[in-house]
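Any value given below was found using the heavy atoms of this structure, including those in side chains, with hydrogens, waters and symmetry copies removed. Residue numbers count from 1 along this sequence.
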Amino acid sequence: MTRNDCLALDAGDALAPLRRHFDLPAGVIYLDGNSLGARPSAALARAQQVIAQEWGVDLIRSWNTAGWFDLPKRLGNRLAPLIGARDGEVVVNDTTSLNLFKALAAALHMQAGGAGAARRVIVTERSNFPTDIYMAQGLTSWLERGYQVRLVDSVDELSGAIDADTAVVMLTHVNYRTGYQHDMRALSAHAHAHGALILWDLAHSAGAVPLALHADGADLAVGCTYKYLNGGPGAPAFIWVPKHHQAAFRQPLSGWWGHANPFAMAPDFAPCDGIGRALCGTQPIVSLALVECGLDVFDQTSMAAIRAKSLALTDLFIALVEQRCGAHPLGLVTPRDHARRGSQVSFTHPHGYAVMQALIARGVIGDYREPAIMRFGFTPLYTSFSDVWDAVEILRQILDDQTYDIAAERGAVT
């Protein structure tokens, strides 16, 4: 494989034209879309429209005239096909942590009556994204009803940890450190066979891998829009509640946007019907508006095409790193098996943080996660095959010449 071979792959790439819909800085190879997606070109004009016209001129009238009030549901309907959901089942709102809290509380409430009354265990992985574990720990400590969080240390132990005491299984579909992708269908079926509900965090899946929440038997799901969906830094998250669970869905953050008639200003809460009961308070309209710019790009392709390119990019990256950097102490922690791999590749190195900082200084932007893991995210909408070649070549030079500073001071965000 040569750089010219990679250029030939770019020339035949049906997704290559989509790169023009993103403003990527010159001289940068961006391999961190699994943490923060690149800016869609349309986002700047959309932000200016919301700020200058809808807010600046139309003022409060825009809640009606610009459709601000319905924006969480409208965006949810646009996002739904990307995760195998249906109209009226997704809202874009709040943060992933808050939506996880709502979904987990609702799942525990669903299990609190009948056959599920004695179930008090939430099963999750110790390697899950920390905020998911924190939210579960916080919820169970406040409930004070004997609930507990059961942490599993490996994928192999997961099935055995789900038993008659399990109320909810809470998993992240693609692991944020390793890129390991769970078998959603098998684990959902296993949870149901033991009487448990299953809640999926799609933060590292949505927009990167094909999802089929209904077909795979999920009960509830949450995720973010600022990674592969390119919604912008801190963009609102989303929550999915299938219609067959909506009547029983009850969550403790009963804010006025989830009220059946919010402008009646009644003193007592009455939840609205449908997915709206997953809403809470007034939403950040500027951020919400930008989410649509990212979703617009997905209308021009399919998740099958995105997945095919993602696997080709990650296969190429793994092969080139192992061929060209094989003399160095790099350890692949991402599965080679396509069925178990998300859209990122992670390698360990004893000086991973320092090496990543050297890469960033050379214009190759990935990120670092403890312990000693360098993460490289591949967003098929704008990552090219020649980007992969060039990134590996710069990595090779840094490792061969040892041009990294092991005493580099760490920033607040790694």
Side-chain angles (χ1 to χ4, degrees), residues 33-37 72 75-86 89-104 106-107 124-125 127-133 135-136 158 168-188 191 197-231 234-242 245 249 275 278 291 294-295 298 302-304 306-307 310 339-344 375 377-381:
N34 55 316
S35 189
L36 174 65
L75 290 176
N77 286 340
R78 292 205 59 190
L79 192 154
L82 300 180
I83 60 173
R86 299 166 185 155
E89 294 186 335
V90 182
V91 282
V92 178
N93 70 317
D94 297 332
T95 67
T96 306
S97 296
L98 288 176
N99 284 334
L100 186 80
F101 181 90
K102 297 174 200 173
L104 187 56
T124 192
E125 296 175 286
S127 64
N128 200 353
F129 194 76
T131 196
D132 293 27
I133 301 174
M135 296 306 285
L158 188 54
V168 183
V169 180
M170 179 185 72
L171 297 173
T172 296
H173 182 234
V174 173
N175 186 275
Y176 78 102
R177 279 195 186 99
T178 67
Y180 177 89
Q181 179 175 286
H182 281 298
D183 185 335
M184 182 181 288
R185 179 170 296 187
L187 283 168
S188 296
L197 296 174
I198 190 160
L199 163 60
W200 291 97
D201 182 339
L202 309 177
H204 289 81
S205 305
V209 300
L211 292 161
L213 292 175
H214 277 285
D216 288 345
D219 288 300
L220 298 162
V222 301
C224 68
T225 65
Y226 53 77
K227 294 182 173 68
Y228 294 103
L229 296 176
N230 308 299
F238 64 87
I239 181 169
W240 170 73
V241 183
H245 279 323
F249 184 89
I275 189 61
V291 171
L295 294 177
F298 285 88
S302 68
M303 286 309 304
I306 288 171
R307 179 60 170 168
S310 166
R340 301 279 74 84
R341 187 196 310 163
S343 197
Q344 72 181 61
R375 299 195 313 171
F378 297 84
T379 305
L381 298 177

A.B. asks: Under 4.5 Å between any side-chain heavy atoms of T96 and F238, yes or no?
C.D. replies: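 Answer no - side chains too far apart.
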A.B. asks: Would you give the length of the straight line joining atom OG1 of T172 to atom CG of L202, rounded to the nearest 0.5 angstrom?
C.D. replies: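 So the OG1 of T172 and the CG of L202 are separated by 8.5 Å.
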A.B. asks: Please check this pair: side chain of Q181 against backbone of A339, looking for a donor-acceptor N/O pair closer than 3.5 Å.
C.D. replies: yes
A.B. asks: How close do A278 and V91 get, heavy atom to heavy atom, and via which atoms?
C.D. replies: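 In this case the closest contact between A278 and V91 is CB-CG2, 4.1 Å.
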A.B. asks: Report yes if the side chains of L381 and I306 come closer than 4.5 Å at any heavy-atom pair, otherwise no.
C.D. replies: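 They are in contact (side-chain heavy atoms under 4.5 Å apart), so the answer is yes.
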A.B. asks: Side chain to side chain contact (heavy atoms under 4.5 Å, CB included), that's the test. Do T178 and Q344 meet it? Break it down for me.
C.D. replies: CA-CA 8 Å; T178 67; Q344 72 181 61; 5.8 Å; no
A.B. asks: With sequence neighbours excluded, tell me which residues meet salt bridge (charged side-chain N to carboxylate O under 4.0 Å, His left out) with R78.
C.D. replies: E292, D296, D299
A.B. asks: What's the shortest heavy-atom distance between A235 and V291, and which atoms?
C.D. replies: CB-CG2, 4.1 Å
A.B. asks: N93 and side-chain contact (heavy atoms from CB on, under 4.5 Å): which partner among L75, N99, L98?
C.D. replies: N99
A.B. asks: Using a 3.5 Å distance criterion without hydrogens, assess whether the side chain of Y176 forms a donor-acceptor pair with backbone atoms of S35.
C.D. replies: no
A.B. asks: Which heavy-atom pair separates V168 from A107 by the least distance, and what is that distance?
C.D. replies: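 Distance-wise, the nearest heavy atoms are CG2-CB, 3.6 Å.
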A.B. asks: Looking at every non-hydrogen atom in both residues, tell me the closest pair between Y228 and A206 and how far apart they are.
C.D. replies: CB-O, 3.4 Å
A.B. asks: Using modelled atom types only, decide if a donor and an acceptor are shared between the side chain of R307 and the backbone of P210 within a distance under 3.5 Å.
C.D. replies: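 Flag not set: sc R307 to bb P210 has no pair under 3.5 Å.
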A.B. asks: Can you find a pair of side-chain heavy atoms, one from M170 and one from N128, that are under 4.5 Å apart?
C.D. replies: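 The answer is yes, as the side chains (C-beta and beyond) meet within the 4.5 Å cut-off.
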A.B. asks: For a ring pair (Phe, Tyr, Trp, His ring centres under 6.0 Å) check, start with the C-alpha distance between H245 and W240, then their side-chain angles and the critical distance, and finish with the verdict.
C.D. replies: CA-CA 10 Å; H245 279 323; W240 170 73; 8.1 Å; no
A.B. asks: Determine, step by step, whether F249 and I239 satisfy the side chain to side chain contact (heavy atoms under 4.5 Å, CB included) criterion, reporting the C-alpha distance in whole Å, the side-chain angles of both residues, the deciding distance to 0.1 Å, and the verdict.
C.D. replies: CA-CA 12 Å; F249 184 89; I239 181 169; 4.0 Å; yes
A.B. asks: Would you say S343's side chain and F378's backbone share a donor-acceptor pair under 3.5 angstrom?
C.D. replies: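 Yes: the side chain of S343 pairs with the backbone of F378.
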A.B. asks: Report the distance from atom CZ of F129 to atom SG of C224, rounding to the nearest 0.5 Å.
C.D. replies: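 Interatomic distance, F129 CZ to C224 SG, rounded to 0.5 Å: 9.0 Å.
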A.B. asks: Just verifying a value: how many Å separate L79 CG and E89 CD, rounded to the nearest 0.5 Å?
C.D. replies: 12.5 Å
A.B. asks: Closest heavy-atom contact between G217 and I198?
C.D. replies: O-CG2, 4.1 Å
A.B. asks: Determine whether V169 and L197 satisfy the following criterion, side chain to side chain contact (heavy atoms under 4.5 Å, CB included), listing intermediate values before the conclusion.
C.D. replies: CA-CA 6 Å; V169 180; L197 296 174; over 6 Å; no
A.B. asks: Which residues pass the salt bridge (charged side-chain N to carboxylate O under 4.0 Å, His left out) test with R86, not counting sequence neighbours?
C.D. replies: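 Expected list: none.
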A.B. asks: Under the rule for salt bridge (charged side-chain N to carboxylate O under 4.0 Å, His left out), what residues qualify as partners of D201, not counting sequence neighbours?
C.D. replies: none
A.B. asks: When you measure from the side chain of D219 to the backbone of L199, do you find a donor-acceptor pair of N or O atoms at a distance under 3.5 Å?
C.D. replies: no
A.B. asks: Which residues satisfy the side chain to side chain contact (heavy atoms under 4.5 Å, CB included) test with A186, sequence neighbours excluded?
C.D. replies: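 Applying side chain to side chain contact (heavy atoms under 4.5 Å, CB included) to A186 gives D183.
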A.B. asks: Could you tell me whether a side-chain N or O of T225 sits under 3.5 Å from a main-chain N or O of P236, the two making a donor and an acceptor?
C.D. replies: yes
A.B. asks: Below 4.5 Å, heavy atoms only, C-beta onward: do Y180 and V174 meet side chain to side chain?
C.D. replies: no
A.B. asks: With a 4.5 Å limit on heavy-atom distance, are the side chains of N77 and V90 in contact?
C.D. replies: no
A.B. asks: Rounded to the nearest 0.5 Å, what's the gap from CH2 on W200 to CG on L213? Could you check?
C.D. replies: 10.0 Å
A.B. asks: Side-chain donor-acceptor pair under 3.5 Å between S188 and D216, yes or no?
C.D. replies: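 No donor-acceptor contact under 3.5 Å links the two side chains.
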A.B. asks: What is the distance from atom CG of L220 to atom NZ of K102, rounded to the nearest 0.5 Å?
C.D. replies: 12.5 Å
A.B. asks: What pairs with S127 under side chain to side chain contact (heavy atoms under 4.5 Å, CB included), at least two apart in sequence or on another chain?
C.D. replies: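 Side chain to side chain contact (heavy atoms under 4.5 Å, CB included) list for S127, sorted by chain: E125, N175, R177.
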A.B. asks: Nearest 0.5 Å, please: how far is OG1 in T124 from CG in L158?
C.D. replies: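 The CG atom of L158 sits 8.0 Å away from the OG1 atom of T124.
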A.B. asks: For H204, give me all partners under ring pair (Phe, Tyr, Trp, His ring centres under 6.0 Å), at least two apart in sequence or on another chain.
C.D. replies: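 With neighbours one apart ignored, the set is empty.
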A.B. asks: Below 4.5 Å, heavy atoms only, C-beta onward: do L36 and K227 meet side chain to side chain?
C.D. replies: no
A.B. asks: Quick one, L82 and M303 - any side-chain contact, counting heavy atoms below 4.5 Å?
C.D. replies: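 Side-chain contact under 4.5 Å: yes.
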